[in-house]
Engineer: 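I'd like to ask some things about the structure below.
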Amino acid sequence: MNVFEILQDRGFLSTDSEELTRQVTDPKIKEILGKKKVTCYIGFDPTASSLHVGNLLQVMVLAHMQRAGHRPIAIVGGGTGLVGDPSGKSEMRQLLNEERIQANMDSQKKQLAHFLDFSEGKALMLNNADWLTPLNYIEFLRDIGRHFSINHMLTAESVKLRMETGLSFLEFNYSILQAYDFLHLSQNYDCILQMGGSDQWGNICAGTDLIRRVEAEKGSKKKAYGITYPLLTTASGAKMGKTEKGAVWLSDELLSSYEYYQFWRNVEDQDVQKFLGLFTFLPMEEVRCLGKLEGKDINQAKEVLAFEVTKLNHGEEAAKKAQESAKKLFSGGGQAGAIASVEINREDLSAGIPIIELFHRAKLAKSKSEVRRLIQNGGAYLNRERVESIDLQVNLDSLENDEILLQAGKKRFARVVLG
RNA sequence: GGAGGGAUACCUAAGUGGCCAACGGGGGUGGACUGUAAAUCCACUGGCUUCGCCUUCAGAGGUUCGAAUCCUCUUCCCUCCA
């Protein structure tokens, strides 16, 4: 099986030839991927300091490419980030300054390294600011700009969407810059394939078109290809990777490995098999087998999913820890190591601390009013027993094994230890 | 530069002098039912020293017993004309 087929098998690409034409600019790419080693790239957005689950699909695609012996390039849009992709956005995005982008890039690379092997040039990470910022406007217009037709660009879905609210010239240029990226990579790194989410279709096509035109002018037949995959939504239609707290970050500084594990443990039933295919490297026979589980049994598949995905991002040890913690907590057993803890000093505790304050300090609620409501709704637990009164004072008597287990609802825990 | 429209809580969007901490929807949080799922139903969703008090309706002033609502100025956004 070549990578293309693997991607089809795992659910990145459709097996339906009709649908596939909307995912692939030219079906020949399938053959090419089987025949020779190619260089391919995906662009990443430098607006956040960490990648999140929404980016994970892209990362997995690159990882599959590398495993198949191809060379993936991750482009961080240091240059295009200064412009802002209007695709799918109804409003103009906030522009970032350069220092910020640089810092974000650095931390994103660390995260990518969990999935890709950057040694010996087996994978590359490049910043498009390196070739975009030195561009000379007049030269650029003459060499690149003349290949673009405004008439054509105006028909782009992303542009139409903005006809009502307005689209700045800056943003209008975004796809040209992205096309130029592709051209640059094609010429300097022999990159022939760009991949991305389906919202990138227009931008990717702009790139393949540009390369074709520029090459044709030189009398060359060199071609470039594009592959897109659907934007991921959960079975209930929500965007992947967003939770009440915001994005599901890959960085353990922004989201603990325990919470990351929990995110995957709690996916909807219908998504389990799909996610196993997309976000793990488990053999598909096993994936299909797990996907067949029904009713309560599907929880086993969810555990596998959560474990495998956490392992990829945070390492095996963290995954094990998260799994154990979760099992202990939810099976009602002892204490867990991976849940957040707060320190309270002994004097404070022996004097007695109002329960409201304790929950607030443990960060289980943003305000004391929130704690009040939580208790009134019967969702607050102290050492597994429901807190009945908002006036409860907690003192040394509540210690069990030198700690106090607080719980908000069924899934949020914190422990209090003496500090 | 001219004319007009707008800015309300996480998002969306009502409210145009007191009944407004502000309708509704979304989202979120809790509860019930469950399988740490989905669907459904119920409650909650500014803060606090919580039967009361305090700070909110872009910002600053003003009118009034009383303003998110009226007036003035400022900032920002949008539409149309140039």
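Keep in mind it's a predicted model, so treat the numbers as computed, not measured. Proteins come first, then strands; the chains are lettered A, B, ... in the order of their sequence lines, and each starts at number 1.
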Engineer: What string of B, S and - do you get for nucleotides 51-57 of chain B 5' to 3' if you count protein non-hydrogen atoms under 4.0 Å?
Structural biologist: -------

Engineer: What's the gap between B/G6 and B/U74 when it is taken at their C1' atoms, as a whole Å value?
Structural biologist: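 Nearest-Å result for B/G6 against B/U74 at atom C1': 16 Å.
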
Engineer: When the C1' atoms of B/G59 and B/A68 are compared, how many Å lie between them, rounded to an integer?
Structural biologist: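 My reading of the C1' atoms in B/A68 and B/G59 gives 14 Å.
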
Engineer: Can you tell me if A/S369 touches the phosphate of B/U50, counting only side-chain N or O atoms and a distance under 4.0 Å to OP1 or OP2?
Structural biologist: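 Result: no.
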
Engineer: Just so I know, are the side chains of A/L278 and A/M60 near enough to count as touching, which here means a heavy-atom distance under 4.5 Å?
Structural biologist: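 Side chain of A/L278 against side chain of A/M60, heavy atoms only: no contact under 4.5 Å found.
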
Engineer: Can a salt bridge be assigned to the pair A/R212 and A/D26 using a cut-off of 4.0 Å between side-chain N and carboxylate O?
Structural biologist: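 Here A/R212 does not pair with A/D26 in a salt bridge, since their nearest N and O are not under 4.0 Å apart.
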
Engineer: B/U29 phosphate, OP1 or OP2: any side-chain N/O from A/R372 under 4.0 angstrom?
Structural biologist: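 Result: no.
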
Engineer: Tell me which nucleotide among B/A38, B/A32, B/A43 gets nearest to the side chain of A/N377.
Structural biologist: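 Nucleotide nearest to A/N377's side chain: B/A43.
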
Engineer: How about A/T228 and A/Q200: does a side-chain donor come under 3.5 Å of a side-chain acceptor?
Structural biologist: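 Absent: no donor and acceptor within the cut-off.
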
Engineer: At less than 4.0 Å, is any side-chain N or O atom of A/K302 found next to OP1 or OP2 of B/A38? Yes or no.
Structural biologist: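 For B/A38, neither OP1 nor OP2 has a side-chain N or O of A/K302 closer than 4.0 Å.
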
Engineer: Determine whether A/T21 and A/P27 make a side-chain contact, defined as any pair of heavy atoms from C-beta on separated by less than 4.5 Å.
Structural biologist: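 The answer is no; the side chains never approach within 4.5 Å.
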
Engineer: Starting at CG of A/L305, measure out to CG of A/D271 and round the result to the nearest 0.5 Å.
Structural biologist: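 Separation between the atoms: 9.5 Å.
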
Engineer: Say we look at B/G28 and B/A38: how far apart would their P atoms be, to the nearest angstrom?
Structural biologist: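 It comes out at 10 Å once rounded to the nearest Å.
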
Engineer: Could you tell me if A/Q102 and A/D106 have a donor-acceptor pair between their side chains, going purely by distance under 3.5 Å?
Structural biologist: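 On atom types as modelled, these side chains qualify, holding a pair under 3.5 Å.
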
Engineer: Students often get this wrong, so: under 4.0 angstrom with heavy atoms, is A/A365 touching a base, only sugar-phosphate, or nothing?
Structural biologist: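 Contact class for A/A365: none.
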
Engineer: Find the distance between CD (A/E357) and CD1 (A/I344) and round it off to the nearest 0.5 Å.
Structural biologist: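 A/E357 atom CD to A/I344 atom CD1 measures 7.5 Å (nearest 0.5 Å).
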
Engineer: Could you tell me how far B/G62 sits from B/C57 if I compare only their P atoms? Round to whole Å.
Structural biologist: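 Per the computed distance, 16 Å lies between those P atoms.
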
Engineer: Angle class for the A/H184/A/W131 ring planes (parallel below 30°, perpendicular above 60°, tilted otherwise)?
Structural biologist: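 Answer is parallel, since the angle falls under 30°.
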
Engineer: Going by an N to O cut-off under 4.0 Å, is there a salt bridge joining A/R384 and A/E400?
Structural biologist: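 Looking at A/E400 together with A/R384, the answer is no, because their closest N to O distance does not fall below 4.0 Å.
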
Engineer: Would you mind telling me which residue lines up with the more 5' stretch of RNA chain B, A/K410 or A/G379, judged by nearest nucleotide?
Structural biologist: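 Per heavy-atom nearest nucleotide, the more 5' residue is A/G379.
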
Engineer: Are any non-hydrogen side-chain atoms of A/L57 and A/F279 less than 4.5 angstrom apart?
Structural biologist: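 They are in side-chain contact.
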
Engineer: Under 4.0 Å between a side-chain N/O of A/R412 and OP1 or OP2 of B/U36, yes or no?
Structural biologist: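 For B/U36, neither OP1 nor OP2 has a side-chain N or O of A/R412 closer than 4.0 Å.
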
Engineer: Which one, B/G35, B/G46, B/C33, comes nearest to the side chain of A/N299?
Structural biologist: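 Nearest listed nucleotide: B/G35.
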
Engineer: Is it true that a side-chain atom of A/R386 and a backbone atom of A/G378 form a donor plus acceptor pair closer than 3.5 Å?
Structural biologist: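 Confirmed, A/R386 side chain pairs with A/G378 backbone.
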
Engineer: Would you indicate which nucleotide in B/G47, B/G35, B/U36 comes nearest to any side-chain atom of A/D269?
Structural biologist: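 Out of B/G47, B/G35, B/U36, the nucleotide with an atom closest to A/D269's side chain is B/G35.
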
Engineer: Does A/E370 or A/N266 map to a spot on RNA chain B nearer the 5' end, using the closest nucleotide for each?
Structural biologist: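 The residue mapped nearer the 5' terminus is A/N266.
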
Engineer: Is there a side-chain contact (heavy atoms from CB on, under 4.5 Å) between A/Y225 and A/L33? Walk through the geometry before answering.
Structural biologist: CA-CA 11 Å; A/Y225 304 84; A/L33 283 169; over 6 Å; no

Engineer: Mind checking A/V267 for me? I need base, sugar-phosphate or nothing, with any heavy atom below 4.0 Å counting as a touch.
Structural biologist: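 Contact class for A/V267: sugar-phosphate only.
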
Engineer: Suppose you measure atom P in B/C78 against the same atom in B/C23; what distance do you get, rounded to whole Å?
Structural biologist: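 It comes out at 30 Å once rounded to the nearest Å.
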
Engineer: If we take the P atom in both B/U49 and B/A43, what is their distance in whole Å?
Structural biologist: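 My reading of the P atoms in B/U49 and B/A43 gives 27 Å.
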
Engineer: Checking all strands, does A/I298 fall into the base, sugar-phosphate, or nothing category for heavy-atom contacts under 4.0 angstrom?
Structural biologist: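 The residue A/I298 makes base contact.
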
Engineer: Over all strands shown, is A/Q262 touching base, sugar-phosphate only, or nothing at heavy-atom distances under 4.0 angstrom?
Structural biologist: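 Base contact.
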
Engineer: Answer yes or no: is there an ion pair linking A/K311 with A/E308, defined by an N-O contact shorter than 4.0 Å?
Structural biologist: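 Looking at A/E308 together with A/K311, the answer is yes, because their closest N to O distance falls below 4.0 Å.
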
Engineer: Contact class for A/R265 (heavy atom, under 4.0 Å): base, sugar-phosphate, or nothing?
Structural biologist: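 A/R265: base contact, heavy atoms under 4.0 Å.
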
Engineer: Just need the stems in RNA chain B: three or more back-to-back Watson-Crick or G-U pairs, each with both distances under 3.5 angstrom, sorted by first number.
Structural biologist: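 The stems that RNA chain B takes part in, listed by first number, are B:1-7 with B:75-81, B:10-12 with B:24-26, B:27-32 with B:40-45, B:46-48 with B:52-54, B:58-62 with B:70-74.
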
Engineer: Can you tell me how far P in B/A14 sits from the matching atom in B/A58, rounded to whole Å?
Structural biologist: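 Comparing P positions in B/A14 and B/A58 gives a spacing of 15 Å.
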
Engineer: Please tell me whether A/S14 and A/D16 have a donor and an acceptor in their side chains that are separated by less than 3.5 angstrom.
Structural biologist: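 No - no donor-acceptor pair under 3.5 Å links their side chains.
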
Engineer: With P as the reference atom in both, quote the distance from B/G47 to B/A9 in angstrom, rounded to an integer.
Structural biologist: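 Rounded to whole Å, the distance is 15 Å.
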
Engineer: Across the strands shown, which category fits A/Y381 at heavy-atom distances under 4.0 angstrom: base, sugar-phosphate, nothing?
Structural biologist: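 Since only primed, P, OP1 and OP2 atoms lie under 4.0 Å of A/Y381, the category is sugar-phosphate.
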
Engineer: Please tell me which of the listed nucleotides, B/G30, B/G35, B/G47, lies nearest to the side chain of A/K296?
Structural biologist: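 Nearest to the side chain of A/K296 among the choices is B/G35.
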
Engineer: Measuring to OP1 and OP2 of B/U49, would you say a side-chain N or O of A/K368 lies under 4.0 angstrom away?
Structural biologist: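 The answer is yes; a side-chain N or O of A/K368 sits under 4.0 Å from OP1 or OP2.
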
Engineer: At a heavy-atom distance below 4.0 Å, what parts of residues 350-362 of chain A sit against RNA chain B?
Structural biologist: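 None - not one residue of the stretch has a heavy atom sitting under 4.0 Å from the strand.
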
